[in-house]
Amino acid sequence: MPRTQRKNIFVVGLDDSNLPMLEAVPDADDYCFHRLLTVQDLQEGEVSVPGLMDRARAVLDAHDGSIDAIVGYWDFPVSTLVPMLGKEYGLRTTGLDSVVKCEHKYWSRLEQRKVIEEYPRFGRVDLETDDPRPPDGMNFPMWLKPALAYSSELAFGVSDMTEFRKAVDEIRAGIGRVGRPFDSVLELLELPPEMEGVGGQVCLAEEAMTGIQVAVEGYVYRGKAHVYGVLDSINYPASPCFLRHQYPSSLPAPVVRKLHEVSERTMQQIGMESATFSIEYFYDPKTADIRLLEINPRHSQSHAELFHYVDGAPNHHRMISLALGRDPALPAGLGPYAVAAKWYYRWFGDGKVHEVPTPERIAAIEREIPGVRIDVVPEEGQKLSTVPGQDSYSYEVAHIFTGGADEADLRRKFDRCVAALGLSFDETEPGGRGTKTE
């Protein structure tokens, strides 16, 4: 019989790191993946949403063949470009308003409190006043963050007014890079009364949450929200920075069930359709309470290898299936490993990185240690503070994915990888994130 014509799937921000995982999804031989804009186009400097739309249209209009799906797995502006382009080209995506209800942290909180109680106290901080203050009724410690940012950029934990004012100054200086482009998206929507005049350049204060961090991955298909995975997020000791994400979660079954229920109820309220989501929580084992940290209107590409290792298919599968109108459900536990983790090898002082291994050396390490994959973030000799998309407290120098028989096996593989990489750093003095070198 003749081969069925391959589906042309355009991936906004397709990167070399994710391509192998896209090509590992079920039925990948039936798909042809096309890059639609680069990660650099989308994340460096202050982006122009209208400009990106024009560039994407030029690529799509020049394509000789069918356009069967437009997908993406990055935050703003990718998350908003997908429904905007999907609407123009008659493709299946969720509505733009449902994406913005997730990504705008203040609007998201307003939606959450309509249907759940598992969220922290929150309020807006006036960035225009000469004497900014915490919202009424909120006490230290708290977190300050823009309504929209890449990763944890410009998110600060503060414990007193001195730290509060310093964080506000930094947020004021940097909020426009993403906030101004986000304003252009908000102008396309019919906003509810509680969002009139709020805009995209908003600073949010939220009470500090404690406990174990957890990530929930799910999707909405034919109007019903489904959760297919819960992962533990473990921080470095005495730090807000992730050490690793681990799948599946080791939390008690009743807690996992509650995470499913709260996530599904919240996403029904948000109104997504034919789309994936990833929600981050804190779980307090002392009280058994959970608190919702944030909703991402896309699955986490960081977890793709983990689902591949444990379930036998990367979570990219759900994104692609939904875009093609197919049921994305898959059985769990069909992969070669019982557990898997994504590790963040970090450096907590500024400096230049040296002895970055060649791609050939990295490939050799991956062959020597079964069930690992390594991505080094900075380039040889690069100053860590010039690497884009870093959080406020550390620098990511490598992402190390491991699959194993148990948690101890994962840790052994991570330690072997760090030793084998052999990265070195110059720094003027050891210590915190603010250390500077010339």
Test of understanding: with salt bridge (Lys or Arg N to Asp or Glu O under 4.0 Å), list the residues that count as partners of [X], not counting sequence neighbours.
X      : value
Glu118 : none
Asp126 : none
Arg133 : Asp131

Residues Leu22, Leu14; criterion side-chain contact (heavy atoms from CB on, under 4.5 Å); working and verdict: CA-CA 10 Å; Leu22 287 166; Leu14 174 59; 3.4 Å; yes
How close do [X] and [Y] get, counting heavy atoms only, and between which atoms?
X      : Y      : value
Val168 : Leu127 : CG1-CD2, 3.9 Å
Tyr309 : Gly403 : CE1-N, 3.6 Å
Trp74  : Val12  : CD1-O, 3.8 Å

Contact between [X] and [Y] at the side-chain level, heavy atoms closer than 4.5 Å - yes or no?
X      : Y      : value
Glu163 : Phe156 : no
Leu259 : Tyr283 : no
Ser17  : Arg373 : yes
Ser424 : Val353 : no
Asp409 : Tyr337 : no
Tyr119 : Thr266 : no
Phe182 : Val100 : yes
Val255 : Val214 : no

Between [X] (side chain) and [Y] (backbone), is there a donor-acceptor pair under 3.5 Å?
X      : Y      : result
His104 : Gly200 : no
Thr276 : His299 : yes
Glu305 : Pro314 : no
Trp347 : Phe425 : no
Glu207 : Arg121 : yes
Glu366 : Ile374 : yes
Glu380 : Glu355 : yes
Gln268 : Gly223 : yes
Gln382 : Pro378 : no
Asp41  : Leu37  : no

Around atom [atom1] of [X], are there more than 12 heavy atoms of other residues, nucleotides or ligands at under 6.0 Å?
X      : atom1 : result
Arg35  : CZ    : yes
Glu117 : CD    : no
Lys114 : NZ    : yes
Glu128 : CD    : no
Glu379 : CD    : no

Ion pair check, [X] and [Y], cut-off under 4.0 Å:
X      : Y      : answer
Glu153 : Arg177 : yes
Asp169 : Lys166 : no
Arg180 : Asp183 : no
Arg57  : Glu88  : yes
Asp415 : Arg412 : no
Lys105 : Glu206 : no

Are Leu384 and Val397 close enough, and set up right, to give a side-chain contact (heavy atoms from CB on, under 4.5 Å), and what steps lead you there? CA-CA 8 Å; Leu384 296 176; Val397 294; 3.8 Å; yes
Given side-chain contact (heavy atoms from CB on, under 4.5 Å), test Met161 with Phe140 step by step and report yes or no. CA-CA 9 Å; Met161 281 303 298; Phe140 296 109; 3.7 Å; yes
To the nearest 0.5 angstrom, please state how far the [atom1] atom of [X] sits from the [atom2] atom of [Y].
X      : Y      : atom1 : atom2 : value
Phe242 : Ser302 : CZ    : OG    : 9.0 Å
Asn296 : Asp75  : CG    : CG    : 5.5 Å
Ile290 : Ile212 : CD1   : CD1   : 12.5 Å
Lys342 : Asp375 : NZ    : CG    : 8.0 Å
Ile369 : Phe414 : CD1   : CZ    : 11.5 Å

Under a 3.5 Å cutoff, is there a donor and acceptor pairing between the side chains of Tyr281 and Ser263?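 Their side chains do contain a donor-acceptor pair, which is all the 3.5 Å distance test asks for.
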Glu103 versus Thr80, side-chain donor and acceptor atoms under 3.5 Å: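 Short answer, no.
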Please enumerate all residues that pass side chain to side chain donor-acceptor pair (under 3.5 Å) together with Tyr89, with sequence neighbours excluded.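 Only Asp61 meet the side chain to side chain donor-acceptor pair (under 3.5 Å) criterion with Tyr89.
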Can you name the residues that form a side chain to side chain donor-acceptor pair (under 3.5 Å) with Asp160, not counting sequence neighbours?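 With sequence neighbours excluded, Asp160 shows a side chain to side chain donor-acceptor pair (under 3.5 Å) to no residue whatsoever.
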Review item, side-chain donor-acceptor pairs of residues 232-239, under 3.5 Å, at least two apart:
{"from": "Asp232", "atom 1": "OD1", "to": "Ser249", "atom 2": "OG", "distance (Å)": "2.7"}
{"from": "Asp232", "atom 1": "OD2", "to": "Ser250", "atom 2": "N", "distance (Å)": "2.8"}
{"from": "Asp232", "atom 1": "OD2", "to": "Ser250", "atom 2": "OG", "distance (Å)": "2.9"}
{"from": "Ser233", "atom 1": "OG", "to": "His245", "atom 2": "ND1", "distance (Å)": "3.0"}
{"from": "Asn235", "atom 1": "ND2", "to": "Gln213", "atom 2": "OE1", "distance (Å)": "3.0"}
{"from": "Asn235", "atom 1": "ND2", "to": "Ser239", "atom 2": "O", "distance (Å)": "3.3"}
{"from": "Tyr236", "atom 1": "OH", "to": "Tyr344", "atom 2": "O", "distance (Å)": "2.5"}
{"from": "Tyr236", "atom 1": "OH", "to": "Arg346", "atom 2": "N", "distance (Å)": "3.2"}
{"from": "Ser239", "atom 1": "OG", "to": "Cys241", "atom 2": "N", "distance (Å)": "3.0"}

Are Tyr73 and Asn315 close enough, and set up right, to give a side chain to side chain donor-acceptor pair (under 3.5 Å), and what steps lead you there? CA-CA 10 Å; Tyr73 40 73; Asn315 57 355; over 6 Å; no
Mind running side-chain contact (heavy atoms from CB on, under 4.5 Å) on Leu36 and His34 for me, showing each step along the way? CA-CA 6 Å; Leu36 187 58; His34 304 269; over 6 Å; no
Do the numbers put Arg124 on top of the ring of Tyr106, so that NZ or CZ is under 6.0 Å from the six-membered ring centre and no more than 45° off the axis?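 Relative to the ring axis of Tyr106, which defines the angle, Arg124 lies inside both limits.
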Can you confirm if the aromatic rings of Phe307 and Tyr228 lie within a centre distance of less than 6.0 Å?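 Yes, close enough.
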Between His226 and Tyr221 (judged by ring centroids, cut-off 6.0 Å), do the two rings come close enough to count as a pair?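 No, the ring of His226 stays outside the 6.0 Å limit from the ring of Tyr221, centre to centre.
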